[in-house]
**Student:** 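Let me begin by handing over the structure; questions about it come next.
Just so we're on the same page: letters track the sequence lines, and every chain starts at 1. None of the values given here were measured: they were computed from a predicted structure.
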Protein chains: 2
Amino acid sequence: MHTFRGSRPTLEAVASHAGVSRATVSRVVNGGPGVREEVREKVRHSVEELGYVPNNAARTLVTRRTGAVAVVIAEPESRVFADPFFAQQLRGISRELSDHDTQLLLMMLERQKDYARIGRYLSAGHVDGALMFSLHGDDPLPAMALQTGLPAVFGGRPGWPGAEDDPDLLYVDTDNRGGARQAVAHLQERGRRTVAVINGPLDQTSALDRLHGYCDALGIGAHEADPSLVAQGDFTAEGGERAMARLLDVSPGLDAVFAGNDLMASGALRTLRARGRRVPDDVAVVGYDDLEPAAWAEPPLTTVRQDVEGMGGMMAELLLRRIGLAEESVDAAPPRPVVTPATLVVRDSS
Amino acid sequence: MHTFRGSRPTLEAVASHAGVSRATVSRVVNGGPGVREEVREKVRHSVEELGYVPNNAARTLVTRRTGAVAVVIAEPESRVFADPFFAQQLRGISRELSDHDTQLLLMMLERQKDYARIGRYLSAGHVDGALMFSLHGDDPLPAMALQTGLPAVFGGRPGWPGAEDDPDLLYVDTDNRGGARQAVAHLQERGRRTVAVINGPLDQTSALDRLHGYCDALGIGAHEADPSLVAQGDFTAEGGERAMARLLDVSPGLDAVFAGNDLMASGALRTLRARGRRVPDDVAVVGYDDLEPAAWAEPPLTTVRQDVEGMGGMMAELLLRRIGLAEESVDAAPPRPVVTPATLVVRDSS
DNA sequence: GTGGGGGGTGAGAGCGCTCTCACGTCATGG
DNA sequence: CCATGACGTGAGAGCGCTCTCACCCCCCAC
C-alpha cells in the first residue's frame with residue numbers, strides 16, 4: 001500500500017514553525033476573528049512554506065461537517081447517463097456546490113444491494129445532505145434518509161402519502177401539469193382531433209402530473225382518458241418507440257402524440273418514420289424537457305421547456321441553505337419548495 | 001443548522017451495552033480475528049440493537065483510508081454527459097467500486113477555478129486514489145496528483161513527456177492505432193479511393209494514435225497526410241458536423257470519411273445528408289467507439305468497437321489493487337497498464 | 001494608584017476510532 | 001509442578017483538528 005500521506009504537515013507543525021499555538025493557526029486557516037494582522041500574515045506564510053493542507057477527517061470528526069453532499073439517483077447508470085435531463089440537472093448542481101466548496105458524491109441505484117449500501121452510507125454521516133432524484137412511489141430510501149434526519153431535497157415532488165402536507169419537505173419541481181396542458185392545447189389549436197399520450201412511469205409524480213395535464217386539456221377527468229390513446233413508456237427512447245408502435249396498432253387514426261419527455265418523443269418519431277407516417281403532416285408530435293434530443297430530432301421537436309439546469313442549481317441551493325452553508329441574507333425566509341414554470345417551444349414536429 | 005447526528009451511538013456505547021471493551025467491538029465490527037464466537041455474537045446483537053454505524057471520519061483519521069476514490073474528468077459537464085463514452089466508462093467504474101464498498105466522487109473540470117479546488121482536494125487526502133480522464137497534453141493536474149503520491153490510474157495513455165517510460169504509471173487504453181488502421185483498411189477494401197479523416201483533439205493520445213492508424217493504412221508517415229483530407233474535430237457531434245462541412249468544401253471528391261469517434265461520425269452524417277450526399281453510396285463513413293450514437297445513426301454506423309465499460313472496470317480494479325484494496329491472489333503480479341483490443345463492426349454506413 | 005474591562009493568545013480537553021501492547025487464562029510439555 | 005506459549009481481552013495512547021476557557025497585558029476610568 002502506498003502511504004503517501006503521513007508526511008503531511010499538521011497544524012502543530014505550522015504552529016511551531018510560525019511560533020504560535022495550534023489554536024491561532026486554526027483561527028487563521030478558518031478565517032476566524034481575533035488575530036492580529038501581523039500574526040495572521042506570519043501564519044499564512046508558514047502555511048504556504050510547509051504546504052499545509054488541513055486534514056478533513058480530523059476536522060469532520062469535531063465539526064460534524066463533511067463538506068460533501070450526495071446526489072442519489074434511483075436509476076441505473078445506463079439511464080442516468082443516457083438522459084440529458086440528469087446531465088443538465090447535475091450540471092446545475094455541480095456548479096452551485098462548487099461555488100460553496102462542497103463536494104458532490106454521485107450514487108446511482110442500480111442493483112438491489114446498492115440500496116442497503118447507500119442507505120448505510122447516508123445514515124453514516126458521510127455527507128451533510130442529499131439530493132434525491134427520480135424516486136419511484138415505493139422507494140424506501142427517502143424515508144430512511146429523512147428518518148435519520150439527513151437534510152434532503154428532492155428533484156420532483158415526492159409522491160408518497162402525506163408528502164404533500166409535510167412542511168419540512170423540500171423539493172424543486174416544475175409545473176408539469178400546466179406544461180402538459182399547454183402542449184396538448186397547442187395540438188388541439190393546430191386542428192388535431194385525436195391526441196394520444198405516451199406516459200412516463202406513473203409512480204413518479206412528474207409523469208402522473210403530465211398525464212393529468214393531458215386530461216385537463218381534453219376536458220376530461222383523470223380516469224376518463226381513452227385507453228386506446230394512452231401508452232406506457234419509461235422515459236427512454238426505446239420505450240417511446242415501443243409505445244408509439246402500440247398506439248399505432250390500436251389507434252391507427254391518431255393524428256397527434258404528446259410524449260412525456262423528449263427522449264420518448266424521439267423514439268416515437270423513429271417508429272413513425274419506420275411506419276411511413278410523416279411528421280407533422282400525418283401525425284404531430286410534442287415532447288417535454290427541451291433538451292438536446294428535441295433540437296436534434298428529425299424534425300426538430302415542439303416541446304415544453306423547463307429550466308433544468310436552473311432547477312438543479314436551486315436544489316443545491318435549497319440544500320445548502322437547509323444545512324446552513326449558504327450565505328443567508330439577514331431576513332431570509334426558511335427554504336421552501338420551488339415550482340418553476342414550463343413554457344411551450346414550437347418547432348417543426350407539430 | 002440541523003444537528004441530526006450527535007445522538008448516534010459510539011463504539012463506547014456498544015461496548016458497555018455488550019459488556020466488553022471498545023477494542024473488542026472494533027474487532028468484531030471490522031471482522032478482525034481473535035474474538036470468541038460467543039462474544040462476537042453478543043456484540044453483533046448490541047450493534048444491531050443500538051443501530052450502531054461507525055463514524056467514518058474517526059476511522060479515516062487513524063487508518064488514513066477514506067474509502068472513496070475520485071473520478072476526475074477534464075471536460076465540462078456538458079461534454080461528460082453528452083458523450084456516452086464517459087457514461088459507459090463510469091458505469092464500469094461504478095460497478096467495480098461498489099463491489100468493493102468504495103465511494104465514487106465525481107469531479108468535472110469546467111472552469112479555471114475548478115483546477116485549484118480539485119488539486120487542493122486531491123492532495124488533501126480526501127480520497128484514496130484518483131481515476132483521471134480525458135487529459136489534454138498541457139494539463140497540470142496529473143502531475144500535481146502524482147507528485148503528492150496519490151495513487152492514480154489514467155483513462156487513455158498519458159501523453160506528457162516521459163510518461164512512456166515511467167514504470168509506475170498506470171493506465172487503461174485501447175489499441176487506438178490498430179483500430180483506426182482496421183477502419184481505414186476496411187474502407188480501402190470497399191474500393192474507396194479518397195479517405196478523409198476527422199480527428200479528435202490531438203493533444204489527447206487517443207486522437208493522435210487514431211490519426212497515426214489512419215496514416216498507417218494509407219502507407220504514409222505521420223506527417224505526410226494530405227491536409228485537405230484532414231479536419232479537426234473535438235469529439236462532439238457539432239464538431240463533426242463542422243469538420244465534415246470543411247472537408248466537403250476543400251475536397252468535394254472524397255468518397256469516405258473516418259471519424260475519431262461515433263459522435264463526430266453522426267455529425268458528419270448530418271452534414272452529408274444536408275448536402276445531399278448519400279451514405280454509403282456517395283460517401284462511406286466509419287466511426288469509433290461503437291456506442292449508442294453508432295447504432296442509432298441513420299444509417300447505422302460502421303465503427304470500431306472497444307469494450308468501454310470493461311475498460312472502466314479495469315481502471316477501477318487497477319486502482320484498487322494499487323491502493324491495496326482489491327483481493328490479491330497470492331502470487332499476483334503488481335498492477336500494470338492495460339491495452340485492450342479494438343475490433344471493426346461493419347454496419348450500413350460503409 | 002488601583003480596579004475593571006476587552007482583545008489577543010495559549011493550554012487542554014475531547015471528537016470516535018484503531019492499534020499496540022500488556023495482561024490474564026488455560027492447555028501443553030518437560 | 002512450574003515454565004512456556006497461544007489465545008482472548010482490555011487499557012490507553014494518539015490520529016489532527018476545533019473550541020472553550022483561562023490567562024495575560026494594556027488601556028482606561030475612577
**Student:** Roughly how many Å is it from CG in A:Leu61 to P in C:dA13, rounded to a whole number?
**Tutor:** 17 Å
**Student:** If you take all heavy atoms of B:Met315 and B:Leu131, which pair is closest and at what distance?
**Tutor:** O-CD2, 3.7 Å
**Student:** Is the count of non-hydrogen atoms from other residues, nucleotides or ligands lying under 6.0 Å from B:Glu38 atom CD greater than 12?
**Tutor:** no
**Student:** Around atom CD of B:Glu48, are there more than 12 heavy atoms of other residues, nucleotides or ligands at under 6.0 Å?
**Tutor:** no
**Student:** If each of A:Arg22 and A:Gly34 is mapped to the nucleotide of DNA chain C with the nearest heavy atom, which maps nearer the 5' terminus, i.e. the 5' end?
**Tutor:** A:Gly34
**Student:** Given atom CG of B:Asn55 and atom C1' of D:dC15, what is their separation to the nearest angstrom?
**Tutor:** 13 Å
**Student:** Just N and O in the side chain of A:Thr24: are any of them under 4.0 Å from OP1 or OP2 of C:dG10?
**Tutor:** yes
**Student:** Which is more 5' along DNA chain D, the nucleotide nearest A:Ser26 or the one nearest B:Pro33? Just name the residue.
**Tutor:** B:Pro33
**Student:** Which sits closer to the 5' end of DNA chain D, A:Glu12 or B:Val20, going by the nucleotide each is nearest to?
**Tutor:** B:Val20
**Student:** Expressed in angstrom and rounded to an integer, what is the separation of B:Arg64 atom CZ from D:dC15 atom C1'?
**Tutor:** 6 Å
**Student:** Do the side chains of A:Leu106 and A:Leu90 get nearer than 4.5 Å, heavy atoms only?
**Tutor:** yes
**Student:** Donor-acceptor pair, distance only, cut-off 3.5 Å: does the side chain of A:Thr60 make one with the backbone of A:Asn56?
**Tutor:** yes
**Student:** Quick check on C:dG10: is either OP1 or OP2 less than 4.0 Å from any side-chain nitrogen or oxygen of A:Ser21?
**Tutor:** yes
**Student:** Should A:Leu320 and A:Asp128 count as side-chain neighbours, where that means a heavy-atom distance under 4.5 Å?
**Tutor:** no
**Student:** How close do B:Pro335 and B:Leu318 get, heavy atom to heavy atom, and via which atoms?
**Tutor:** CB-CD2, 3.8 Å
**Student:** For the helix from C:dG1-D:dC30 to C:dG30-D:dC1, what is the angle between the axes at its two ends, each from 5 pairs, rounded to 10°?
**Tutor:** 60°
**Student:** Answer yes or no: side-chain N or O of B:Arg27 and base N or O of D:dG10 forming a donor-acceptor pair under 3.5 Å.
**Tutor:** yes
**Student:** Using a strict heavy-atom distance below 4.0 Å, which residues from residues 37-51 of chain B are in contact with DNA chain C?
**Tutor:** none
**Student:** Roughly how many Å is it from OH in B:Tyr52 to P in C:dT18, rounded to a whole number?
**Tutor:** 6 Å
**Student:** Could you tell me the separation between the CZ atom of A:Arg8 and the C1' atom of D:dG16, rounded to a whole number of Å?
**Tutor:** 10 Å
**Student:** Figure out the CZ/P separation between A:Arg36 and C:dG7, and round it to whole Å.
**Tutor:** 15 Å
**Student:** With rounding to the nearest 0.5 Å, note down the distance linking CZ in B:Arg65 to OG1 in B:Thr102.
**Tutor:** 9.5 Å
**Student:** Tell me the closest heavy-atom pair linking B:Pro158 and B:Tyr171, and the distance in Å.
**Tutor:** CD-CD2, 3.7 Å
**Student:** In whole Å, what is the span from the CG atom of A:Leu11 to the C1' atom of D:dC17?
**Tutor:** 6 Å
**Student:** In whole Å, I'd like the distance from the CG atom of B:Asn30 to the C1' atom of C:dC17.
**Tutor:** 9 Å
